[in-house]
Amino acid sequence: MKSGNSVTSYLLSACRTYAWCILYGLSAVMFLCGCYSNEMNGQAAVRQVPDPYIVRVLLDDHIARAEFQIGNRYKILDPQSVRVFDVQKTIGKIEITPATEGIKIGEQVFATNRLTLQPSNNQPFTINGHSYRGNLELISDGNGLMAINNVSIETYLAGVVGAEMPSYWEDEALKAQAVAARTYCLYIKNRFGKNRLWDVKTTQANQVYRGISAETVRTVNAVNGTFGMVLCKPNESGECQDFPAYYCSICGGHTENTKNVFGDSAVAMEGVSCPFCRDMTRPSLFYWPMAKFDKKTVSERILDRYPHLRDLEKIEKIEAADESVYDSNNFKRITRVMLTGSNGKTSYLRAEDMRLAIDSTGSKIQSTSCTIVSMEKEFLFVAGCGFGHGAGLCQYGAREMARQGKNAQQILSFYYPGSRVKILY
């Protein structure tokens, strides 16, 4: 048994040791926080993946003039001649334009229709005021320049999650969004990317991508926290098949079977009753005001987008041909419409295709959960609710589920029934 002085000495020694441990720990935390902060300011703090998981994002096409800027030296790669030009650090913006015999960067003309601008040390670049990571591919197609951002899928997702969902939303909702966006991106890339020069667009035509401007610590954490996770759904043979994990802003009370919305040959995902978006969405968002379009505009836009319907001459009437009617809250959504022409002929169109043909932004006709009224000179879209196509994950519903304590896996299982999570790498 120790004496009183020995115990006192022992305790003092232990306290000094403990104090040094605390100081060391605090120093380590400060060091780590400083590194993380610097990474976020300079290079995205996302985990990297192998080359097969590079996404080609179409930033813009038919560009007549672009302004390129980078804070460090970069390389220009010509894949046709296999030449590499090492460009020293430049100051200010560099003008890029299509040239008669190739592509002009600054004062130099490259006699090729394809170049890659590769930043050194993984520095970001800016084109026309928007900043991105990865590299920039330029393709001259005779109608201007096509700008493509080649970027790791995990880095790409950091610029998607914060653009598709507010970064201040609950962590589990952000994680669910990250898994859905990763799943959707890879499905579209594998299905359509093989036959074109790019995989996805930056707009709602695929999913919104804003590059560095959408990155926050919370969205990066959501991407890293779901690293490599995608969804699949077992088919009849038991194989877990990839599918496009569609998502929408507000489903309106019930999500829709994906086949009714998109009509593709992908694995159909059934709709589910969603009380969550009704519970947490304020009425001014949940319901949308009447949208009004004159018949001439509607007819021109639909016939221009779908030339096979031109034998209708002019569209005089639009009626619901098929509807999904659900018991929950007496909810219904138009899935197919019948168009009647000025010559009396009729034809059919998926309701979602009609909606986006008339209103490509989807900001006025916010969903097909509405009533269509054919007036003498106008079409009215009234009693509308929800925002988006209504298929897959409901973002506002996912937020409410997260608020109620559900985790990302539970949210995904609810909106994609029968699906499983698999790890890519």
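Below, all heavy atoms of this structure are taken into account, side chains as well, without hydrogens, waters or symmetry copies. Remember, predicted model here, so these are calculated numbers, not experimental data.
- In terms of heavy-atom proximity, Lys259 sits nearest to Ala268 at CB-CB, 4.3 Å.
- Heavy-atom minimum distance, Glu376 versus Lys295: O-NZ, 3.4 Å.
- Residues Pro119 and Tyr74 share a closest heavy-atom pair of CA-CB, 3.8 Å.
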Q: Dump the intermediate steps for side-chain hydrogen bond (donor to acceptor under 3.5 Å, both in side chains) on Thr126 and Ser131, then the final yes or no.
A: CA-CA 4 Å; Thr126 299; Ser131 298; 2.8 Å; yes
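- In this structure, Asp242 pairs ionically with Lys422, as a charged nitrogen and a carboxylate oxygen lie closer than 4.0 Å.
- Side-chain contact between Phe387 and Thr281 is absent, with no heavy atoms from C-beta onward closer than 4.5 Å.
- Using a distance-only test at 3.5 Å, with no hydrogens or angles considered, no donor-acceptor pair links the side chain of Arg336 to the main chain of Asn260.
- Considering only heavy atoms from C-beta on, Pro417 comes within 4.5 Å of Glu270 through its side chain.
- Within the 4.5 Å cutoff, the side chain of Met354 has heavy atoms near those of the Ile318 side chain.
- Between Tyr396 and Leu285, the closest side-chain pair of non-hydrogen atoms falls below 4.5 Å.
- Side chain of Ser120 to backbone of Arg73: a donor-acceptor contact under 3.5 angstrom is found.
- Between Tyr53 and Tyr425, the distance separating the two ring centers is shorter than 6.0 angstrom.
- No donor-acceptor pair closer than 3.5 Å links the side chain of Thr368 to the backbone N or O of Thr335.
- Two rings, from Tyr415 and Tyr247, have their centers 6.0 Å or more apart.
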**Q.** Residue pair Glu137, Arg114: steps toward the salt bridge (Lys or Arg N to Asp or Glu O under 4.0 Å) verdict
**A.** CA-CA 7 Å; Glu137 187 174 4; Arg114 194 166 187 165; 2.6 Å; yes
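- One N or O on the side chain of Gln366 and one on the backbone of Ser363 form a donor-acceptor pair closer than 3.5 Å.
- Side-chain N/O atoms of Glu316 and Ser374 include no donor and acceptor closer than 3.5 Å.
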Q: Before giving the answer on side-chain hydrogen bond (donor to acceptor under 3.5 Å, both in side chains), spell out for Arg218 and Thr216 the whole-Å C-alpha distance, their side-chain angles and the decisive distance to 0.1 Å.
A: CA-CA 5 Å; Arg218 299 189 76 244; Thr216 69; over 6 Å; no
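- Side-chain contact between Val179 and Val230 is absent, with no heavy-atom pair separated by less than 4.5 Å.
- Checked for salt-bridge contact, Lys377 and Asp294 miss the test: no charged N lies under 4.0 Å from a carboxylate O.
- At distances below 3.5 Å, not a single donor-acceptor pair connects side-chain atoms of Ser140 with backbone N or O atoms of Ile103.
- Panel note: side chain Thr155, backbone Val151; no donor-acceptor pair is recorded below 3.5 Å.
- Nearest heavy-atom pair across Trp288 and Ser367 is NE1-OG, 3.3 Å.
- Within the model, atoms CD of Glu313 and OG of Ser342 stand 4.5 Å from one another, a figure rounded to the nearest 0.5 Å.
- For Arg133 and Glu215, the salt-bridge test passes: some basic side-chain N is under 4.0 Å from an acidic carboxylate O.
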Q: For Glu256 and Ser324, run side-chain hydrogen bond (donor to acceptor under 3.5 Å, both in side chains): C-alpha distance rounded to whole Å, both residues' side-chain angles, the deciding distance at 0.1 Å, then the answer.
A: CA-CA 8 Å; Glu256 187 56 61; Ser324 291; 2.9 Å; yes
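- Taking the side chain as every heavy atom from C-beta outward, Leu309 and Leu339 approach each other to under 4.5 Å.
- Of the possible donor and acceptor atoms, one in the side chain of His254 sits under 3.5 Å from a partner among the backbone N and O of Val272.
- In this structure, the side chains of Arg350 and Val261 stay at 4.5 Å or more apart for every pair of heavy atoms.
- Cysteines Cys232 and Cys240 are disulfide-linked, with SG atoms closer than 2.5 angstrom.
- Partner of Met229 under the side-chain contact (heavy atoms from CB on, under 4.5 Å) criterion, chosen from Leu412, Val223, Leu424, Ile423: Ile423.
- Using a 4.5 Å cut-off on side-chain heavy atoms (C-beta onward), Gln207 and Val200 make no contact.
- When all heavy atoms of Thr97 and Leu145 are compared, the pair lying nearest together is C-CD1, 3.8 Å.
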(Q) What verdict does the salt bridge (Lys or Arg N to Asp or Glu O under 4.0 Å) test give for Glu172 and Lys406, after you've listed the backbone C-alpha separation in whole Å, the side-chain angles of each residue and the deciding distance to 0.1 Å? (A) CA-CA 8 Å; Glu172 296 303 313; Lys406 300 294 191 297; over 6 Å; no
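- Using a 4.0 Å cut-off between charged side-chain N and carboxylate O, Asp359 and Lys364 make no salt bridge.
- The 12-atom threshold is exceeded at CZ of Arg196, counting heavy atoms of other residues, nucleotides or ligands nearer than 6.0 Å.
- A donor-acceptor distance shorter than 3.5 angstrom exists from the side chain of Asn190 to the backbone of Leu186, with no hydrogens or angles considered.
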Q: Mind running salt bridge (Lys or Arg N to Asp or Glu O under 4.0 Å) on Arg182 and Glu154 for me, showing each step along the way?
A: CA-CA 8 Å; Arg182 186 184 290 109; Glu154 301 296 317; 2.9 Å; yes
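- For Gln177 and Gln395, the side-chain atoms include at least one donor-acceptor pair closer than 3.5 Å.
- Close placement of the Tyr209 and Tyr156 rings is indicated, their centers lying within 6.0 Å of each other.
- Looking at every heavy atom in both residues, Tyr326 comes nearest to Arg333 through CE1-NH1, 4.5 Å.
- Residue-environment remark: CD (Gln410) exceeds the threshold of 12 foreign heavy atoms within 6.0 Å.
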